[in-house]
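Just so it is clear, the model here is predicted, and its values are computed rather than measured. All chains are named by letter (A, B, ...) in the order of the sequence lines, taking the proteins before the strands, and each is independently numbered beginning at 1. Reckoned from all heavy atoms, side chains included, excluding hydrogens, waters and symmetry mates.
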There are 2 protein chains.
Amino acid sequence: MRELTRAEEEVMQVLWKLKKGFVKEILELFDEPKPAYNTVSTIVRILQDKGFVSHKAYGRTHEYFPLISKNEYSKMHLSTFVNDYFSNSFEKMVSFFAKEKSISVKEMEEIMKIMEGEVKKQKAK
Amino acid sequence: MRELTRAEEEVMQVLWKLKKGFVKEILELFDEPKPAYNTVSTIVRILQDKGFVSHKAYGRTHEYFPLISKNEYSKMHLSTFVNDYFSNSFEKMVSFFAKEKSISVKEMEEIMKIMEGEVKKQKAK
DNA sequence: AATATACAACGAATAAATTAGTTATGCAAC
DNA sequence: GTTGCATAACTAATTTATTCGTTGTATATT
C-alpha cells in the first residue's frame, strides 16, 4: 500500500467525508480556490488505478467511493511514522507527546480511562 | 515549515543519527543500493535552502548539521496528522489505536504510568 | 432531429522531485 | 609545478505529480 500524495490525500479526505460521490460533489467540498473539474476527475481516476477508490457507473456518470477507510489509512500511516520516528514503539511516541504537554490533562485522564478498560478487556481473556 | 519529501526525509534521518556529517559520511549510512554521492550532495543543499540544515565550512568541505531536531519535526508532523485524521484530538487518536490493539497491554500500562506522573506534575502547579 | 449540456476519457503542459553527470577548485603526493 | 584525487557547485536528464484544456459521447431539451 502506497502513501497518498498531497493532492490525492485532499480528494480522499473529501471522499471519506461523503462516503461516496460524483466528481461534481467532491469538487463542491473543496475550499476556494477550487481546482478545475478535470483536475479532480484526473486525481480520482489515479486513485482508482492505485486501488484507493472504485466506482459504480450510472450510465456514463461515475459515483466514486473509497476502498480503504480513513481508519485503515491512518493506521498504516501512523505505523510508518512510529516506525521511522519512535523506533516502532507507540509507548515512546505517546510518552513523548505527553511530556511535551501536547496532550492536556483532561485528554490524558480520558486516555487512561479508555486504556484501563482495554487492559481489563484484554486480561479477561 | 514545509514537510520533507521522501528523499529529503531519508537524508534527515541519517543526519539526525549522525548529529553532523560530511556528505561522504551521510552516504555511508545509506542502505544498499546507495545513491550517488552527488545525489546526496544535491539533497543536502536543497535541505539547506529550505532551512532544515546548515553547514560549517572547513576550507572547501562542508560539514552539515540539522537545524530542526527529530523531535521538533515529528511534533510538527504528528500535529498535522492528528489534525487531518483525528480532528485535532490526541485523545481520539490514542484511543483509536488502543482499541485497535495496536498498543499492547504492557505498553498501555507504561503509558498510563507516565500519564499519571504528568497529570500529577501539572496539577501540582 | 438539432442543439445544448454534462461528464468521462484522453492527453498536453507545467511543476516539483529525484538522480546523477560534468566542471571547477583546492589540496596532497610526487 | 604537475598529476591525481576529493568534493562543492552547477547543470542536465529523468521521473513523478499536478493541473487543466480538448474531445467524444450520451442524455436531456426544444
Who are the salt bridge (charged side-chain N to carboxylate O under 4.0 Å, His left out) partners of Glu100(A), not counting sequence neighbours?
->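 Salt bridge (charged side-chain N to carboxylate O under 4.0 Å, His left out) list for Glu100(A), sorted by chain: Lys75(B).
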Between the protein and nucleotides 28-30 of chain C, are there any N/O to N/O pairs under 3.5 Å, and if so, what are the atom names and distances?
none

Scan residues 38-48 of chain A for pairs that pass salt bridge (Lys or Arg N to Asp or Glu O under 4.0 Å), counting only residues two or more places apart or in two chains.
->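 Residue pairs passing salt bridge (Lys or Arg N to Asp or Glu O under 4.0 Å), neighbours aside: none found.
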Just distance, no hydrogens or angles: give the donor-acceptor pairs under 3.5 Å from side chains in residues 101-114 of chain A, sequence neighbours left out.
from      : atom 1 : to        : atom 2 : distance (Å)
Ser104(A) : OG     : Glu107(A) : N      : 3.1
Glu107(A) : OE1    : Ser104(A) : N      : 3.3
Glu107(A) : OE2    : Phe90(B)  : N      : 3.2
Glu107(A) : OE2    : Glu91(B)  : N      : 3.2
Glu109(A) : OE2    : Lys123(B) : NZ     : 2.8

At under 4.0 Å between heavy atoms, which parts of nucleotides 2-13 of chain C does protein reach? Answer with one letter per nucleotide, 5' to 3': B base, S sugar-phosphate only, - none.
-> -----BBBBB--
Tell me, please, which residues at least two apart from Glu25(A) pass side chain to side chain donor-acceptor pair (under 3.5 Å).
->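 Partners of Glu25(A) under the side chain to side chain donor-acceptor pair (under 3.5 Å) test: none.
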Residue list, side chain to side chain donor-acceptor pair (under 3.5 Å) with Lys99(A), at least two apart or on another chain |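 With neighbours one apart ignored, the set is empty.
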Is there any side chain to side chain donor-acceptor pair (under 3.5 Å) pair reaching into residues 8-22 of chain A, and which pairs are they, with sequence neighbours excluded?
->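 Counting only pairs at least two positions apart or across chains, the side chain to side chain donor-acceptor pair (under 3.5 Å) contacts touching residues 8-22 of chain A are Thr5(A)-Glu8(A), Glu8(A)-Lys50(A), Glu9(A)-Tyr85(B), Gln13(A)-Lys70(A).
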Would you list the pairs meeting side chain to side chain donor-acceptor pair (under 3.5 Å) in which at least one residue belongs to residues 26-40 of chain B, sequence neighbours left out?
->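 Pairs touching residues 26-40 of chain B that pass the test: none.
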Measure the shortest side-chain to side-chain distance between Pro66(B) and Phe52(B) over non-hydrogen atoms and say whether it is less than 4.5 angstrom.
->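 Counting from C-beta outward, Pro66(B) and Phe52(B) never come under 4.5 Å.
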Nucleotide range of DNA chain D contacted by chain A, 5' to 3', under 4.0 Å to a heavy atom?
->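 Listing 5' to 3', DNA chain D meets chain A from dA17(D) to dA26(D).
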Could you check how far CZ of Phe52(B) sits from P of dA17(C), rounded to whole Å?
->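 Between P of dA17(C) and CZ of Phe52(B): 11 Å.
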Can you tell me which residue pairs pass the ring pair (Phe, Tyr, Trp, His ring centres under 6.0 Å) test with a partner in residues 98-125 of chain A, sequence neighbours excluded?
->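 Those involving residues 98-125 of chain A do not exist here.
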Who else is in the cluster with Phe65(B) when I, L, V, M, F, W and Y are joined by side-chain contacts under 4.5 Å?
->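 Under the 4.5 Å side-chain rule, Phe65(B) groups with Leu67(B).
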Which residue lies toward the 5' end of DNA chain D, Gly59(A) or Lys34(A), if each is placed at its nearest nucleotide?
->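 Upstream on the strand: Lys34(A).
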